[in-house]
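Below you'll find the structure, written out as structure tokens, and then a few comments.
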Amino acid sequence: LSLVEDLSFAQIPLAANRPVIGDFANWAGAQQLVVDTHALSTPGATALVNALWYYGPTAAHHTNETHATLYLQIDVADANIDLSSDQNHLQDSVEIFVGLHGRGAPHNTYDAQFRIHSDGRVSLGRGNANLMGARIRSAVEETATGYRVEVAIMMASGGGHQVDQWNYNLAGLGTFETLDIQINDATNGARNSITTWADPTANGFTRTDRQGVIQFVETLAAGPVAPVVPEEPEVVVPELNVPEIVLPENIEEIPVWDED
């Protein structure tokens, strides 16, 4: 077994206090992710991400049910902001792909795609736009080097975005979820660079099997942590106890004929 590329994996710590989206503060102790995998040949915008999660009801998401929420602060380095294209995915923006039910291809009913544009607008990928829109809150501010996005994503699903029935028990302490963060970098109305955290093909909008994996933990472990991959069991071939074959003494020797 060999991997196509190293698995992008990160533990996301539990926030001591719920981050306030738009406050652009209170990110102490966050896990940091670097978005610098260039999916196109032309290098472009990159990003540094702070990541936390919180467990509890979220009035901003119009629910008093207890659930997990993923919080991301994405600091994009992009010297030239361009929103001139009439197509959302060709504008300067951040795309976030979140899966609640494991990796696979193509998207299953628990996957979602969110896009936050550099001017603060939000556009959504496949699925029920009303239900996906109810899961996300975001804010954007300009910076000296580009723009900064803060986003809260409710880690619950409305019946897989198909029916109006929410499942709040899909994520919590210790669970593994899929995640990728993509930076779209445009110039003169054309996207000339795509940078991701995990998927080097930038095909997160169609499949999730090359997205990264995050685990919700209470605190970060010291040093880099990789997911535990079970070793292949050692195959032991048992010795065969074959009894020795003893020929009777009265068997005559077989004569050997000369070729002459």
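Just so you know, these numbers use all the heavy atoms, side chains as well, and skip hydrogens, waters and symmetry mates.
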Item to check | Non-neighbouring partners of D119 that pass salt bridge (Lys or Arg N to Asp or Glu O under 4.0 Å), sequence neighbours left out | outcome: R121

Item to check | Short side-chain to backbone donor-acceptor contact, S138 and V151, under 3.5 Å | outcome: no

Item to check | Partner set under ring-ring contact (aromatic ring centres under 6.0 Å, His included) for F216, not counting sequence neighbours | outcome: W53

Next on the checklist: I need the minimum non-hydrogen distance between G22 and E150, along with the two atoms involved.
Outcome noted: N-OE1, 2.9 Å

Checklist entry - So if you build clusters from Ile, Leu, Val, Met, Phe, Trp, Tyr with side-chain heavy-atom gaps below 4.5 Å, do I81 and V140 land together? => result yes

Item to check | All side-chain contact (heavy atoms from CB on, under 4.5 Å) counterparts of V35, not counting sequence neighbours | outcome: A47, V49, I181, I183, T195, W197

Item to check | L33 CG to I214 CD1 distance, which is reported to the nearest 0.5 Å | outcome: 8.5 Å

Next on the checklist: I'd like to check the side-chain contact (heavy atoms from CB on, under 4.5 Å) partners of A202; sequence neighbours left out, ordered by chain and number.
Outcome noted: A39, Q182, I194, T196

Item to check | Partners passing side-chain contact (heavy atoms from CB on, under 4.5 Å) against D23 (at least two apart in sequence or in another chain) | outcome: V20, A25, N26

Item to check | Qualifying residues under salt bridge (Lys or Arg N to Asp or Glu O under 4.0 Å), relative to D82, sequence neighbours excluded | outcome: none

Next on the checklist: When you compare the side chain of Y71 with that of N50, does any pair of heavy atoms fall below 4.5 Å?
Outcome noted: no

Item to check | Path from F114 to V122 over hydrophobic side-chain contacts below 4.5 Å | outcome: yes

Checklist entry - Could you give the distance from CG (N203) to CZ (R210), rounded to the nearest 0.5 Å? => result 8.5 Å

Checklist entry - With sequence neighbours excluded, what pairs up with R148 under the salt bridge (Lys or Arg N to Asp or Glu O under 4.0 Å) test? => result D75, E141

Item to check | N/O donor-acceptor pair under 3.5 Å between N88 side chain and S123 backbone | outcome: no

Next on the checklist: For a quick test of reading the model, state the closest non-hydrogen atom pair linking N17 to Y54 and the distance between them.
Outcome noted: C-CE1, 4.0 Å

Checklist entry - Looking at side-chain heavy atoms only, is the closest gap between T219 and P13 below 4.5 Å? => result no

Checklist outcome for this item: Shortest non-hydrogen pair, H38 vs S193, comes out as ND1-OG, 4.3 Å

Next on the checklist: Tell me every residue that passes side-chain hydrogen bond (donor to acceptor under 3.5 Å, both in side chains) with S93, counting only those two or more places apart in sequence or in another chain.
Outcome noted: N184

Checklist entry - What's the spacing between L70 CG and I96 CD1 if we round to 0.5 Å? => result 7.5 Å

Checklist entry - Under a single-linkage rule joining Ile, Leu, Val, Met, Phe, Trp and Tyr whose side-chain heavy atoms are separated by less than 4.5 Å, which residues share a cluster with V34? => result L48

Checklist entry - Rounded to the nearest 0.5 Å, how far apart are CD1 of I153 and CD of E177? => result 11.5 Å

Checklist entry - Between D92 and A186, which heavy-atom pair has the shortest distance, and what is it? => result OD1-N, 2.6 Å

Checklist entry - Between OH of Y55 and CD of E218, what distance do you get to the nearest 0.5 Å? => result 13.5 Å

Item to check | E142: partners by salt bridge (Lys or Arg N to Asp or Glu O under 4.0 Å), with sequence neighbours left out | outcome: none

Item to check | S85: side-chain contact (heavy atoms from CB on, under 4.5 Å) partners, not counting sequence neighbours | outcome: Q87, L90, Q91

Checklist outcome for this item: Heavy-atom nearest pair, L52 first then P19, reads CD1-CG, 4.1 Å

Item to check | Pair listing, salt bridge (charged side-chain N to carboxylate O under 4.0 Å, His left out) test, anchored in residues 180-192, at least two apart | outcome: none

Checklist entry - Does Q31 use its side chain to pair, donor to acceptor, with the backbone of Q11 at less than 3.5 Å? => result yes

Checklist entry - If you look at every heavy atom in I21 and R137, which pair is closest and at what distance? => result CG2-O, 4.1 Å

Item to check | Rounded distance (nearest 0.5 Å) linking atom OG1 of T187 with atom CG of D78 | outcome: 7.5 Å

Checklist entry - Side-chain heavy atoms under 4.5 angstrom apart, residues restricted to Ile, Leu, Val, Met, Phe, Trp, Tyr: same cluster for V76 and F24? => result no

Checklist entry - With distance as the sole test, does S84 use its side chain to make a donor-acceptor pair with the main-chain N or O of G189 at under 3.5 Å? => result yes

Checklist entry - Can you tell me if R115 uses its side chain to pair, donor with acceptor, with the backbone of E95 under 3.5 Å? => result no

